[in-house]
Number of protein chains: 4
Amino acid sequence: MKRPVKASVKDEKLIEIRRNQIIRGAVTLFKEKGFHRTTTREIAKAAGFSIGTLYEYIRTKEDVLYLVCDNIYDGVKEKLSEMDVNGGTISQLKQAIAYYFHLMDELQEEVLVMYQEAKSLSKDAIPYVLQKEMEMVDMFQVLLRNCVRSGEIELDEQQIYVTANDIFVQGQMWAFRRWAFQRRYTIEEYIELQTELVCHGIECKRGKVKHGNLSTKA
Amino acid sequence: MKRPVKASVKDEKLIEIRRNQIIRGAVTLFKEKGFHRTTTREIAKAAGFSIGTLYEYIRTKEDVLYLVCDNIYDGVKEKLSEMDVNGGTISQLKQAIAYYFHLMDELQEEVLVMYQEAKSLSKDAIPYVLQKEMEMVDMFQVLLRNCVRSGEIELDEQQIYVTANDIFVQGQMWAFRRWAFQRRYTIEEYIELQTELVCHGIECKRGKVKHGNLSTKA
Amino acid sequence: MKRPVKASVKDEKLIEIRRNQIIRGAVTLFKEKGFHRTTTREIAKAAGFSIGTLYEYIRTKEDVLYLVCDNIYDGVKEKLSEMDVNGGTISQLKQAIAYYFHLMDELQEEVLVMYQEAKSLSKDAIPYVLQKEMEMVDMFQVLLRNCVRSGEIELDEQQIYVTANDIFVQGQMWAFRRWAFQRRYTIEEYIELQTELVCHGIECKRGKVKHGNLSTKA
Amino acid sequence: MKRPVKASVKDEKLIEIRRNQIIRGAVTLFKEKGFHRTTTREIAKAAGFSIGTLYEYIRTKEDVLYLVCDNIYDGVKEKLSEMDVNGGTISQLKQAIAYYFHLMDELQEEVLVMYQEAKSLSKDAIPYVLQKEMEMVDMFQVLLRNCVRSGEIELDEQQIYVTANDIFVQGQMWAFRRWAFQRRYTIEEYIELQTELVCHGIECKRGKVKHGNLSTKA
DNA sequence: GATGAATGAGTATTCATTCAT
DNA sequence: GATGAATGAATACTCATTCAT
């Protein structure tokens, strides 16, 4: 599941530690200036050691980018997997969306980095990253499918797939279109608006549409 | 509305011609290798003149990126402005969405370039670009607002804003998440699926909602 | 006959000039410190221009080495080709050897460079260099063959080949074993000694051996 | 006679063992890639221990080169000293040459390494190496001198010196001009050709010279 | 005595930009 | 207005050597 990044150092524990230092340093720099404008020396410095040491733990500058992206995805995925995916109620779906959007809000900067720099990954690293995206989208698919199964919403498989992708991207939108949203809404408001729009077209089976407090503009 | 890009040459006509050459050459290169990996020499060559001449029409490499992005936006905007925005029927809205999505399909590569490289624009160029995005989103807002006005759909101003943004991004998604969509759907299918999902939550006024199998173009 | 070394600059005349500057500078440096210990920056400086300019006329550091070796060979070959190869007398052969050895004496430093650094040439450059060596050995073969034809010496083809190589290497020996020879002999003495040893085994047909003043120990 | 190479370790026995490991590993590497392109890490690895340990037995990378060269010389010298130098017949001389040339054939790769890399030795190591070369040349001088003494050949001291050097270099030629010789001749043929050429000019006392087809082992 | 992680000076090469012709 | 040779700061990456464990 992980693309191996070769290190010259043997001590696995140390590799773990040093790579975390590298990632921590690099993320900060990438946020500021982007991958291309960040120097390997700057990365080494930010990580707290010499350029020589940096290269004991990576092979190329691009390895750092991969490490960073991989790490961000892992972070998001890990947190995401704390969501309760098994229930099949609309309310749980909404909670999940809210949870995910809040996460995107917290990890805004990281999401932005990943979003903007991932394209600089070498061809052979991309599949690993897309794989992770897929897994996250899958979680929303499962959620949606459960709701369908329990009869709370009405979507066929294709619609589930597209909706899951929409939700996933709308979460990211909060980060990458911050200039359009964050001056107008709080994350709470954004969540409410998006959730409402998504759920409307979904739950309205039998016209019973009653989506709680949010959006009573019926 | 345009950020001026200084040229040493006076003849405005010539500037126009040369810049178009530059843009044409650069877009191709940026598609292939991205902005950072493209050299000014390559740009000059692709444009059909010498590096010296290139610098008669731009000030820095980044100017080229701006020119390219600006040009792509203009292209999209121009085509988009051919849409009929004034009617207020659901059917017109759907046509507009289809039109826009088709455009995104055609200009896929360009959209990708803009999407991936815009972040390399200098701070002072970004507002100009965002401005253009805003204008495009605005068109969808107008469309939606008209539908609301004519009573075909039911959305408040905030929902209109978010929906317009969603539509805008979903169009781009077709390009920037091609790996997720284009192996599964044709652009037609994608349009149908997304349109349906968007309109559902919108048009369901008076419970007339009947979303049989996909696309109930009601 | 020449391995092309790509330049970014188009003006052929200028390339010629600049490359000569490069060669002149590089030879001096290579003599002093060898190829590996010489920096591209030092080469540029010695050539009289910036590192950037250096790279307008070569592609890699190794190109410089090739240029240098090629140039030395050309120099030697050119001078060598002034020798009169057509006669078929022992005396002419001796003159040719003397001429060649004197050349090796003059170009000592260059020969040394070539000798010691040629092995650092990339695999694809070596054939070009060996080719040139071959051509020089060939000249001695022609000389010897003419002497055989005119009946002055007695050697079969294999012996001609080996003798030509021996002469060639003995000339170089004066440079690369200078520590063994140059404290004991002048170049004149060295020539006399070597010539004598080579010719002895060769010309003594019919016992008529008469090799002038040198070595009357017959 | 040996230039000392300082070690941090005291145990002389161990030093001997480790250095042999170093030499064995390094020779292989130097054969493959030359001294400059071989890293100390690779040497340590090839020797079978860590980089830290390597530096317990040498002071600098160049020490390894010296160790290697010294070792090769020693190997050659040792084998060479098995030759019978004391007789004074042409036949013994020829045997000695044959023996030496065969040795050069066997140790081809080593000879090449020494030949090509010796120039990278530091100024202060060179005398030690040249000293060894001298000793080997001396052996041929002794051989030749004995033959002169016994009246089998006719050479003065200068001629002896030059001839001994010629023989020495011709042996090496088999290795360093392999591209010129080894596709044309077997080592046997090469020996026969060179021996004949060398001895001709030497043994021709009393005109008894009869050099039919090659190898008149008279 | 052995190890291997850390170091950082050093190096080849690139490329945006300038400016004399 | 066009050209392209010249520039040199910048940069990824290497590798001999050290030293704490």
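Labels below follow one simple rule: chain letters A, B, ... track the order of the sequence lines, proteins then strands, and each chain is numbered from 1. Both backbone and side-chain heavy atoms feed into the values below; hydrogens, waters and symmetry mates do not.
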Do B:Leu121 and B:Leu65 make a side-chain contact, defined as non-hydrogen atoms from C-beta onward lying under 4.5 Å apart?
yes

What's the shortest heavy-atom distance between B:Leu54 and B:Ile22, and which atoms?
CD1-CD1, 3.6 Å

For residues 109-126 of chain A, the salt bridge (Lys or Arg N to Asp or Glu O under 4.0 Å) pairs (sequence neighbours left out) are A:Arg3-A:Asp124, A:Lys31-A:Glu110, A:Glu109-A:Arg178, A:Glu117-B:Lys119, A:Lys119-B:Glu117

Students should find this one: the first and last nucleotides of DNA chain F, 5' to 3', lying under 4.0 Å from a heavy atom of chain D. What are they?
F:dC15 to F:dT18

Pairs satisfying salt bridge (Lys or Arg N to Asp or Glu O under 4.0 Å), at least one member in residues 12-22 of chain B, at least two apart:
none

Strand-adjacent residues in residues 44-51 of chain C, judged by heavy atoms under 4.0 Å from DNA chain F:
C:Phe49, C:Ser50, C:Ile51

Walking DNA chain E from its 5' end, the first of A:Arg18 and A:Arg41 to be reached, judged by nearest nucleotide, is A:Arg18

So, using salt bridge (Lys or Arg N to Asp or Glu O under 4.0 Å) as the criterion, who are the partners of A:Asp74 when residues are at least two apart?
A:Lys2, A:Lys132

Do D:Val111 and D:Ile72 make a side-chain contact, defined as non-hydrogen atoms from C-beta onward lying under 4.5 Å apart?
no

Pairwise side-chain contact, B:Thr60 with B:Asp63, heavy-atom cut-off 4.5 Å (strictly under):
yes

Partners of B:Arg41 by salt bridge (Lys or Arg N to Asp or Glu O under 4.0 Å), sequence neighbours excluded?
C:Glu56

D:Lys61 meets the salt bridge (Lys or Arg N to Asp or Glu O under 4.0 Å) criterion, sequence neighbours left out, with none

In residues 9-17 of chain C, what residues come within less than 4.0 Å of DNA chain E, judged by heavy atoms?
none

Using the ring-ring contact (aromatic ring centres under 6.0 Å, His included) rule, collect all pairs that involve residues 32-56 of chain B, keeping only residues at least two apart or in two chains.
A:His36-B:His36, B:Phe30-B:Phe35

Looking at B:Thr40, I'd like to know whether one of its side-chain N or O atoms comes within less than 4.0 Å of OP1 or OP2 on E:dC15.
no

Report yes if the side chains of D:Gln116 and C:Ser120 come closer than 4.5 Å at any heavy-atom pair, otherwise no.
no

Is the shortest heavy-atom distance from the side chain of A:Ile17 to the side chain of A:Asn20 under 4.5 Å?
no

Any side-chain heavy-atom pair of C:Tyr57 and C:Val5 under 4.5 Å
no

Looking at C:Thr39 and C:Glu42, would you say the former's side chain and the latter's main chain have a donor-acceptor pair under 3.5 Å?
no

CD1 of A:Ile51 to NZ of A:Lys45: how many Å apart, nearest 0.5 Å?
12.5 Å

Want to know the stems of DNA chain F: at least 3 consecutive Watson-Crick or G-U pairs with distances under 3.5 Å, which are they?
E:2-21 with F:2-21

Which parts of residues 20-39 of chain C get close to DNA chain E, meaning a heavy atom less than 4.0 angstrom away?
C:Thr38, C:Thr39

Examine distances only and state if a side-chain atom of A:Glu62 and a backbone atom of A:Ser122 form a donor-acceptor pair shorter than 3.5 Å.
yes

Identify, residue by residue, the members of residues 54-70 of chain C with a heavy atom below 4.0 Å from DNA chain E, and return them in order of residue number, or none.
C:Tyr55, C:Thr60, C:Lys61

Is there a donor-acceptor pair under 3.5 Å between the side chain of D:Ser50 and the backbone N or O of D:Thr53?
yes

